[in-house]
Amino acid sequence: MAYYYPEPSHTFSEYLLIPGYTSEDCIPDRVSLKTPLVKYRKGVEEPAISLNVPLTSAVMQSVSNDTLAIALAKEGGISFIYGSQSIENQAAMVAKVKGYKAGFVTSASNLTPDATLADVLALKAKNGFSTVAITEDGTANGRLLGIVTSRDYRVSRMEPSAKVSDFMTPREKLVTAPKETTLKEANDIIWAHKLNSLPIVDDEDHLMYFVFRKDYSSHKENPLELLDEKKRYLVGAGINTRDYATRIPALLKAGADVLVIDSSEGYTCWQEKTIKWVRDNYGDTVKIGAGNVVDRDGFLFLAKAGADFVKVGIGGGSICITRETKGIGRGQATALIEVAAARDEYFRETGIYVPICSDGGIVHDYHMTLALAMGADFLMLGRYFARFDESPTNKVMVNGAYMKEYWGEGSNRARNWQRYDLGGSAKLSFEEGVDSYVTYAGSLHDNVEASLYKVRSTMCNVGVTTIPDLQRDAKLTLVSSVSIVEGGAHDVTLRSTSNVK
């Protein structure tokens, strides 16, 4: 007969943390949220990739594009650029992230001297950059002839048809630096000459890069930003189990730092074959996560297959209806607790620590801390990030309030049938996700800063200052339905916030 679990599965809202002893040294500013992203020999070596904050953005059309990836990397997390698009478009998004913050930045806005002010304004509106390189052929690496910035023109006093050659700052008036210039030397030149940008040129005066003053300031403002050895932002990318042999090489060429198999269910031969292909062709140099699973067997299967991390969660996402349509899944808290135990078991047996990612089920900020306490090394969030300015969807007015569009990869809108691939030629025959709105919340930076301050503060209440210590020392208790009601405001009449001084 079928196996029946003796206990019901539980969600995050059914648990609370019990406070521990808080010492004088245990304050939010001293809490480290650094956490491993990929497997490593714990106690012997450091992970090849670690996150400075335990947040990743979901592999979704409505969440993870290059704009959000840059914003999240500034905060210390990483995005996985969605794979339900053409290989060329996904690789281009990855390349934009890698080129955005190298210290040395490939010019994204370029024109020829024959262009007009209207062209400059259109390019600025499209890309958002005020610095336009004027090159002989209008490319990012053409011979440098000049630069146009907002200081070179006044829209109110110039005709849109004005030629760029008439108002650009010409080459002979530009301060440039040779290709051998280091980032420190470039920044010294910027400060010495009071520049906003410094063009880096080769021996034949072709433009190679820009170094921007704002990038230096940005690093000072974002001390946790996630950078590679070349000072570029880290970025991940989602793949599927169908076209990986052509998609992966393109993503790696574009600079992807880590991959993840984007699937609703990971305990499959298809994921095993995908990981094997990566190991056969790249060894351990390419980092690839897998999932999703909800129990010990699923985790051990993917760990033994060679996954660098394993995602946990089926059906817990706010736009996911897999449980409703197929009747599979598990309460996120119970799934996470069991998989974390399996991860620790696997580490004791092999000496290899395979990080786990809690994917789905995060409704409130405190759920983040609960997930980490239950064993998650990092979290993957969709709805959370979809609410911000940097997500790729439209901001719309719905019933008098600003909302952002948000749809699941299993929805008819996304048409991401590869995520639900079970072999054969069948495409998307029914939906496992919905098309919806989420309340607009503003900038990613402000929200992430507030959410993680709550996490750090709660960790201090528990008496810990690192995620490993939280996982070791946390005490959690199940709460009754009555206790859940008691946990919010009750038995009072709330005043309108507009009346509170």
Side-chain angles (χ1 to χ4, degrees), residues 36-41 47-49 56 58-60 64 78-95 97-98 228 234-293 297-312 314 339 342-343 346 350 352-357 359 380 409-410 416-428:
L37 178 68
V38 296
K39 68 182 179 184
Y40 67 110
R41 294 189 177 277
I49 306 175
T56 68
V59 193
M60 300 176 69
S64 294
I78 196 169
S79 290
F80 288 92
I81 303 293
Y82 69 92
S84 52
Q85 59 178 320
S86 72
I87 295 173
E88 294 75 19
N89 287 348
Q90 187 184 20
M93 284 189 180
V94 169
V97 179
K98 299 306 291 185
D228 65 16
L234 265 64
V235 62
I239 64 168
N240 61 65
T241 57
R242 286 273 179 162
D243 64 7
Y244 56 84
T246 50
R247 188 175 293 268
I248 289 176
L251 294 173
L252 296 177
K253 184 178 180 180
D257 297 286
V258 58
L259 308 172
V260 65
I261 303 172
D262 179 34
S263 175
S264 65
E265 206 271 292
Y267 194 178
T268 72
C269 63
W270 316 116
Q271 294 216 4
E272 183 179 39
K273 290 178 179 179
T274 304
I275 297 169
K276 184 179 186 302
W277 184 90
V278 169
R279 297 296 174 237
D280 288 345
N281 286 274
Y282 299 100
D284 289 328
T285 60
V286 170
K287 306 304 179 184
I288 179 169
N292 288 18
V293 301
D297 292 345
F299 170 84
L300 293 177
F301 172 78
L302 292 176
K304 292 173 182 177
D308 284 292
F309 65 85
V310 174
K311 290 203 296 156
V312 182
I314 294 177
V339 172
R343 175 204 57 203
Y346 186 77
T350 66
I352 299 173
Y353 186 89
V354 181
I356 58 175
C357 168
D359 179 15
M380 180 168 279
E409 288 297 294
N416 185 10
W417 65 269
Q418 294 94 336
R419 189 175 193 273
Y420 304 88
D421 185 25
L422 294 175
S425 59
K427 300 297 189 283
L428 189 66

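Note that the structure is predicted; figures quoted are calculated from it, not measured.
- In this structure, the side chains of Tyr353 and Arg343 come closer than 4.5 Å at one or more pairs of heavy atoms.
- Shown here for Leu234 and Asp257, the closest heavy-atom pair between the two residues is CA-OD2, 3.2 Å.
- Taking the six-membered ring where tryptophan is involved, the planes of Phe299 and Tyr346 are perpendicular, since the angle between them exceeds 60° and thus also 30°.
- The main-chain N or O of Ile81 is never found under 3.5 Å from a side-chain atom of Ser79 such that the two would form a donor-acceptor pair.
- In the model, Ser86 has a side-chain atom that pairs as donor or acceptor with a side-chain atom of Asn89 under 3.5 Å.
- Closest non-hydrogen pair, Ala303 versus Val354, comes out as CB-CG2, 4.3 Å.
- Taking 4.5 Å as the limit, some side-chain heavy atom of Ile288 sits within range of a side-chain heavy atom of Ile239.
- In this structure, Ile87 CD1 and Asp243 CG are separated by 4.5 Å, a value rounded to the nearest 0.5 Å.
- Under the salt bridge (Lys or Arg N to Asp or Glu O under 4.0 Å) criterion, Lys276 pairs with Asp280, not counting sequence neighbours.
- From Leu37, atom CG reaches atom CG of Asp308 across 8.5 Å, with rounding to the nearest 0.5 Å.
- Between the side chain of Gln90 and the backbone N or O of Gly238 there is at least one donor-acceptor pair closer than 3.5 Å.
- Heavy atoms only, all atoms of each residue included: Pro249 and Tyr282 are closest at CG-OH, 3.6 Å.
- Rounding to the nearest 0.5 angstrom, the gap separating the CZ atom in Phe309 from the OG1 atom in Thr56 is 7.0 Å.
- Of all non-hydrogen atoms in Ala58 and Met380, the two that sit nearest each other are CA-CG, 3.6 Å.
- Looking at residues two or more places apart in sequence or on another chain, you find no salt bridge (Lys or Arg N to Asp or Glu O under 4.0 Å) involving Asp297.
- Counting heavy atoms from C-beta on, the side chains of Trp277 and Ile248 come closer than 4.5 Å.
- Looking at Ser263, its side chain never comes within 3.5 Å of a backbone N or O of Gly266 through a donor-acceptor pair.
- Interatomic distance, CD of Gln271 versus CG of Asn292, reported as 8.0 Å (0.5 Å rounding).
- The closest donor-acceptor contact from the side chain of Thr274 to the backbone of Trp270 lies under 3.5 Å.
- Two residues are said to be in side-chain contact when any heavy atoms from C-beta on lie closer than 4.5 Å; Ile261 and Tyr244 fail this criterion.
- Looking at heavy atoms from C-beta onward, Asp228 lies in side-chain contact with Lys98 at the 4.5 angstrom threshold.
- Using a 4.5 Å heavy-atom threshold, the side chains of Asn240 and Arg247 count as touching.
- Between Asp262 and Arg242, no side-chain nitrogen of the basic residue sits less than 4.0 Å from a carboxylate oxygen of the acidic one, so the salt-bridge criterion is not met.
- The two residues Ala237 and Leu251 have their closest heavy-atom pair at CB-CD1, 3.8 Å.
- The side-chain heavy atoms of Val293 and Lys311, taken from C-beta on, include no pair separated by under 4.5 Å.
- Counting heavy atoms from C-beta on, the side chains of Thr241 and Lys273 never come closer than 4.5 Å.
- Gly306 and Arg279 get closest at one heavy-atom pair: O-NH2, 2.8 Å.
- Within the model, atoms OH of Tyr267 and CG of Leu300 stand 8.5 Å from one another, a figure rounded to the nearest 0.5 Å.
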